[in-house]
Amino acid sequence: TAITVTNRFGPIAAQMMYSLFAFISRTKSEESIWGGPLGEKFLSEFLRTLSIMLDCSRTYPGNSVHVMAQDLFELAWSFHDAQSSEVRYAVLAAMGTSISLVPVEFLMRVGHFIGEGDISSEWISFLEKCGFSDPDTDCRALALMIIGTIAETDHNRISMW
């Protein structure tokens with residue numbers, strides 16, 4: 001017999017995640033928190049934690065998961081040019097988690113309407129660059145997996161690959 005388990009994290013996920021979003025927004029320029037090797041480690045773990053929280057809330061009914069996924073995608077994107085492979089990997093993990101939860105329309109919007117200097121004009125190139133030329137093998141593998149996931153999502157509607 002199947003056992004149904006109630007997602008008790010779902011109702012509080014948005015409050016927890018947005019308090020962390022607010023923290024990073026307030027402190028993003030503070031070198032004492034985010035600078036150096038310890039800051040890179042903290043940032044990578046911070047992004048991974050948000051990814052795990054999003055993933056754990058995925059079965060909760062409602063629209064909040066889709067909104068949190070879009071916001072996590074955009075937050076992660078803001079760190080895509082990190083020198084640290086650990087941070088780049090966390091960015092890719094957050095993007096991968098988000099991509100699996102955002103509506104297809106979001107992917108189409110950020111994938112097709114390419115404008116200068118915004119997320120939509122660069123994130124696909126970032127994934128391709130990471131997938132084929134990142135010096136870190138884990139980053140390459142994860143980027144290629146994300147590319148494959150997007151291509152499989154709905155290859156008839158998303159013709160970016």
Side-chain angles (χ1 to χ4, degrees), residues 3-107 109-111 118-120 122-131 134-150 152-153:
I3 298 173
T4 303
V5 178
T6 302
N7 183 339
R8 293 182 295 172
F9 179 67
I12 61 169
Q15 182 180 0
M16 291 182 71
M17 287 186 69
Y18 284 109
S19 66
L20 293 173
F21 284 154
F23 169 76
I24 200 167
S25 177
R26 275 192 325 269
T27 63
K28 191 173 181 179
S29 62
E30 292 187 28
E31 189 70 23
S32 63
I33 296 174
W34 306 106
L38 288 176
E40 291 172 350
K41 177 71 173 169
F42 183 51
L43 177 57
S44 67
E45 294 301 325
F46 192 90
L47 290 172
R48 286 184 183 142
T49 299
L50 287 169
S51 298
I52 291 167
M53 291 171 76
L54 180 62
D55 189 57
C56 289
S57 67
R58 75 181 320 133
T59 60
Y60 188 72
N63 242 3
S64 63
V65 173
H66 303 300
V67 174
M68 290 185 299
Q70 291 175 43
D71 290 341
L72 179 58
F73 181 95
E74 291 175 358
L75 174 66
W77 172 253
S78 70
F79 297 101
H80 78 281
D81 57 355
Q83 295 298 312
S84 164
S85 62
E86 191 172 14
V87 173
R88 281 194 317 278
Y89 187 85
V91 165
L92 288 164
M95 288 175 71
T97 302
S98 298
I99 285 169
S100 71
L101 296 171
V102 296
V104 172
E105 293 76 22
F106 176 79
L107 293 179
R109 179 175 51 87
V110 299
D118 63 8
I119 289 176
S120 60
E122 299 175 23
W123 75 273
I124 295 168
S125 296
F126 166 72
L127 286 175
E128 290 173 339
K129 180 181 173 192
C130 281
D134 196 282
D136 185 80
T137 57
D138 291 335
C139 288
R140 284 195 308 270
L142 184 53
L144 290 174
M145 186 176 74
I146 294 168
I147 290 169
T149 299
I150 293 169
E152 286 177 17
T153 298

Return the [atom1] to [atom2] distance between [X] and [Y], rounded to the nearest 0.5 Å.
X: Ile146; Y: Ile124; atom1: CD1; atom2: CD1; value: 12.5 Å
X: Leu47; Y: Ile52; atom1: CG; atom2: CD1; value: 11.0 Å
X: Gln70; Y: Leu75; atom1: CD; atom2: CG; value: 14.0 Å
X: Met95; Y: Leu142; atom1: CE; atom2: CG; value: 9.5 Å
X: Arg8; Y: Cys56; atom1: CZ; atom2: SG; value: 12.5 Å
X: Thr137; Y: Tyr89; atom1: OG1; atom2: OH; value: 10.0 Å

Does [X] have any side chain to side chain contact (heavy atoms under 4.5 Å, CB included) partners at least two apart in sequence or in another chain, and if so, which?
X: Tyr60; answer: Asn7, Pro11
X: Ala69; answer: Leu54, Ser98, Leu101, Val102
X: Glu30; answer: Thr27, Ser32, Ile33
X: Leu20; answer: Phe46, Leu50, Met53

Give the minimum heavy-atom separation between [X] and [Y], together with the two atoms involved.
X: Cys130; Y: Arg140; answer: O-CG, 3.1 Å
X: Ser85; Y: Cys139; answer: O-SG, 3.5 Å
X: Ser44; Y: Ala90; answer: O-CB, 3.4 Å
X: Met68; Y: Ser57; answer: CE-OG, 3.6 Å

Within [range] or reaching into it, pairs that qualify as salt bridge (charged side-chain N to carboxylate O under 4.0 Å, His left out) - sequence neighbours excluded:
range: residues 76-85; answer: none
range: residues 11-28; answer: none
range: residues 53-69; answer: Asp55-Arg58

Which is it for Thr59 and Val65 under the side-chain contact (heavy atoms from CB on, under 4.5 Å) test, yes or no, and what are the steps along the way?
-> CA-CA 9 Å; Thr59 60; Val65 173; over 6 Å; no
Partner set under ring pair (Phe, Tyr, Trp, His ring centres under 6.0 Å) for Phe21, not counting sequence neighbours = Tyr18
Can you sort out the partners of Phe9 under ring pair (Phe, Tyr, Trp, His ring centres under 6.0 Å), two or more places apart, ordered by chain and number?
-> none
In terms of ring plane angle, is the pair Trp34 and Phe42 parallel, tilted or perpendicular, where the classes change at 30° and 60°?
-> parallel
Would you please name every residue forming a salt bridge (Lys or Arg N to Asp or Glu O under 4.0 Å) with Glu86, sequence neighbours left out?
-> Lys41
Tell me, please, which residues at least two apart from Asp134 pass salt bridge (Lys or Arg N to Asp or Glu O under 4.0 Å).
-> Arg88
Residues, nucleotides or ligands: over 12 heavy atoms within 6.0 Å of Ile12 CD1 = yes
